[in-house]
Number of protein chains: 2
Amino acid sequence: MDDTPKGIWDFCTNSALKRASRQLGQLYEDVLAPSGLRGTQYSLLSQIAHSKNASLRTLADLLVMDLSALGHTLKPLIRDGYVELVPDASDRRVKRVQLTPFGVKKQQETTDLWRKAQARFENALGKQEAEALRRALNGISEAAFAEAFTRAPDGSEPGATG
Amino acid sequence: MDDTPKGIWDFCTNSALKRASRQLGQLYEDVLAPSGLRGTQYSLLSQIAHSKNASLRTLADLLVMDLSALGHTLKPLIRDGYVELVPDASDRRVKRVQLTPFGVKKQQETTDLWRKAQARFENALGKQEAEALRRALNGISEAAFAEAFTRAPDGSEPGATG
DNA sequence: TCAATTTAGTGGTATATGCCACTAAATATA
DNA sequence: TATATTTAGTGGCATATACCACTAAATTGA
């Protein structure tokens, strides 16, 4: 028997996460394809629908995404008429993100496909497993986790032997 | 108390995975920064070191990555002299991927930083948790999972009530 | 009140990643 | 063997995502 690991993802959670993200992203995307939306785009539309009237900044923070990255990612969705940016009245720096009526319709229609992907995923992994996985992932996504990571010892501390 | 979920990642594993991937990717990348390598680049160098003499195709399959995407991602690493593509002698379609001596050195040096990130991560999440998470993620990354997903019922089947 | 600092967003550039069309080479098949 | 099919890789294009430099607006503080 050769149990030598074939890849670094056996040790490195970062690699494992990215690899799984490619795989699952692909699987979801195949199911969503008939809508003409990419997986990320559907997620974004859904989150915008969910966080009504959020600013770009707020949305970026929620998504753990760079502000400018969010701006770039929204470009195609704005171009295609699903999303619009509405300047805030009281703070002229702020732009609020909202779905157009067309975007609302698209998001709602595509949700049928998403449910299909969701059902397949939970059937393939198991409902309990899926739930547990989401919890673990969401824990990692929290700001508190980033702080814990940053403050955590990294093995380079001098031994406190005194 | 308002336990209304703030985001769709509470339901959608795909979104949760991508979001966590951004967060953890960022955390690892900050630690790796002094090396001048991006997180993905270090992972790739490490996997190439691990899968000695693999072809682009083989590597892409292992990484659950599109072949052309892998080719594109390697470009900067080849440009910077870390990686080279060596034509296979027996099958003239095939190119084998290998680290240059410079690439070997870089990968080895950067591993110190990676270990630091790794230690921080395991301290922040817990060793057991980290191990369990990697196992779950690697399960999803397997070809068998993709097949299970594709074959799984999606709720659109006619009820077999007869 | 006015200057210094912080915050929100934009545009440019680079990497990460996928699809498609295409070439070349190997393999299968008639 | 000649042709059809499959396989490996490349290049172009599009989206996803990050960083930096910059502008404009709000906030802080002397």
Side-chain angles (χ1 to χ4, degrees), chain A residues 14-15 17-30 32-33 36-45 47 54-61 63-80 82-83 85-97, chain B residues 14-15 17-30 32-33 36-45 47 54-61 63-80 82-83 85-97:
Chain A
N14 189 34
S15 307
L17 201 41
K18 286 211 202 307
R19 199 169 70 118
S21 189
R22 285 191 293 267
Q23 170 93 296
L24 195 60
Q26 204 58 43
L27 294 172
Y28 267 71
E29 204 145 305
D30 288 348
L32 294 176
L37 293 174
R38 315 289 303 276
T40 304
Q41 296 180 327
Y42 171 72
S43 295
L44 202 37
L45 291 187
Q47 186 57 40
S55 66
L56 283 171
R57 176 75 270 167
T58 301
L59 213 47
D61 288 345
L63 293 164
V64 192
M65 188 180 289
D66 180 82
L67 172 61
S68 81
L70 175 60
H72 291 315
T73 304
L74 282 173
K75 285 271 165 64
L77 293 171
I78 293 170
R79 178 201 58 202
D80 296 343
Y82 298 127
V83 171
L85 300 183
V86 182
D88 184 275
S90 62
D91 186 335
R92 283 187 297 166
R93 290 169 306 180
V94 171
K95 292 186 181 175
R96 306 205 167 271
V97 189
Chain B
N14 188 34
S15 307
L17 201 41
K18 286 212 202 304
R19 198 170 70 119
S21 189
R22 285 191 293 267
Q23 169 93 297
L24 197 60
Q26 205 57 42
L27 294 172
Y28 267 72
E29 203 145 307
D30 289 347
L32 294 176
L37 291 175
R38 315 290 303 277
T40 304
Q41 296 181 327
Y42 171 71
S43 295
L44 203 38
L45 292 188
Q47 186 57 39
S55 67
L56 284 170
R57 177 75 270 168
T58 301
L59 214 45
D61 287 345
L63 293 164
V64 190
M65 188 180 292
D66 180 83
L67 172 61
S68 81
L70 175 60
H72 293 316
T73 303
L74 282 174
K75 284 271 164 64
L77 294 171
I78 293 170
R79 178 200 60 202
D80 295 344
Y82 297 127
V83 171
L85 300 184
V86 182
D88 184 276
S90 62
D91 187 333
R92 283 186 298 166
R93 290 170 304 180
V94 171
K95 291 187 182 175
R96 305 205 168 270
V97 189

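Throughout, protein chains are lettered first and strands after them, A, B, ... in sequence-line order, and every chain is numbered starting at 1.
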Could you work out which one of C:dC19, D:dC19, D:dT15 sits closest to the side chain of A:P76?
D:dT15
Closest-nucleotide ordering on DNA chain D, the 5'-leading residue of A:M65 and A:R38
A:R38
On DNA chain C, compare the nucleotides closest to A:G71 and A:Q23; which residue's is nearer the 5' end?
A:G71
D:dA25 C1' sits how many Å from A:R57 CZ, rounded?
16 Å
Minimum heavy-atom distance B:R96-B:D88, with the two atoms named:
NE-OD2, 2.7 Å
Determine the contact category for B:S43: base if any of its heavy atoms lies under 4.0 Å from a base atom, sugar-phosphate if only primed atoms, P, OP1 or OP2 are that close, otherwise nothing.
nothing
How close or far is atom P of C:dT15 from atom OH of B:Y82, stated in whole angstroms?
12 Å
If only atom types and distance count, is the side chain of B:R57 paired as donor or acceptor with the main-chain N or O of B:V94 below 3.5 Å?
no
Taking only N and O in the side chain of A:K18, is any of them less than 4.0 Å away from OP1 or OP2 of C:dT17?
no
Is the phosphate of C:dT17 approached by A:R22 (side-chain N or O, under 4.0 Å from OP1 or OP2)?
yes
Determine the contact category for A:S21: base if any of its heavy atoms lies under 4.0 Å from a base atom, sugar-phosphate if only primed atoms, P, OP1 or OP2 are that close, otherwise nothing.
nothing
Return the value, rounded to whole Å, for the distance between atom CG of B:L74 and atom C1' of C:dA14.
16 Å
Mind checking if A:E29 touches a base, just sugar-phosphate, or nothing, with heavy atoms under 4.0 Å?
nothing
Distance, rounded to the nearest Å, where A:D61 contributes CG and C:dG9 contributes C1':
13 Å
Take the protein atom CG of A:D66 and the nucleotide atom P of C:dT15, then report the distance between them rounded to whole Å.
17 Å
Give the rounded distance in Å between these two atoms: CZ of A:R92 and P of D:dA24.
11 Å
Please evaluate the base of D:dG12 for a donor-acceptor partner in the side chain of B:H72 within a cut-off of under 3.5 Å?
yes
Rounded to whole angstroms, how far apart are CG on B:L70 and C1' on D:dG11?
15 Å
Pairwise distance CG(A:L56) to CZ(A:R93) - rounded to 0.5 angstrom
13.0 Å
Tightest non-hydrogen contact, residues B:L67 and B:A60, listed as CA-CB, 3.9 Å
So, taking the atom named CG in B:L44 and the one named OH in B:Y82, what distance separates them when rounded to the nearest 0.5 Å?
13.0 Å
Is any side-chain nitrogen or oxygen of B:K75 closer than 4.0 Å to OP1 or OP2 of C:dA16?
no
Just N and O in the side chain of B:Q26: are any of them under 4.0 Å from OP1 or OP2 of D:dC19?
yes
Counting heavy atoms from C-beta on, name the nucleotide in D:dT7, D:dT15, D:dT17 closest to the side chain of B:R93.
D:dT7
Over all heavy atoms of both residues, which pair between B:K18 and A:S21 is shortest? Give the atoms and the distance, please.
CG-OG, 3.8 Å
When all nucleic acid strands are considered with a 4.0 Å heavy-atom cut-off, which category describes A:T40: base, sugar-phosphate, or nothing?
sugar-phosphate
Classify the nucleic acid contact of B:D91 as base, sugar-phosphate or nothing, counting any heavy atom under 4.0 Å across all strands shown.
sugar-phosphate
Of the listed nucleotides D:dT10, C:dA16, D:dA18, the one nearest the side chain of B:S68
D:dT10
Distance, rounded to the nearest Å, where B:Y28 contributes OH and D:dT17 contributes P:
20 Å
Just checking B:R79: base, sugar-phosphate only, or nothing, at a heavy-atom cut-off of under 4.0 Å?
sugar-phosphate
So A:L67, base contact, sugar-phosphate only, or nothing? Heavy-atom distance under 4.0 Å.
base
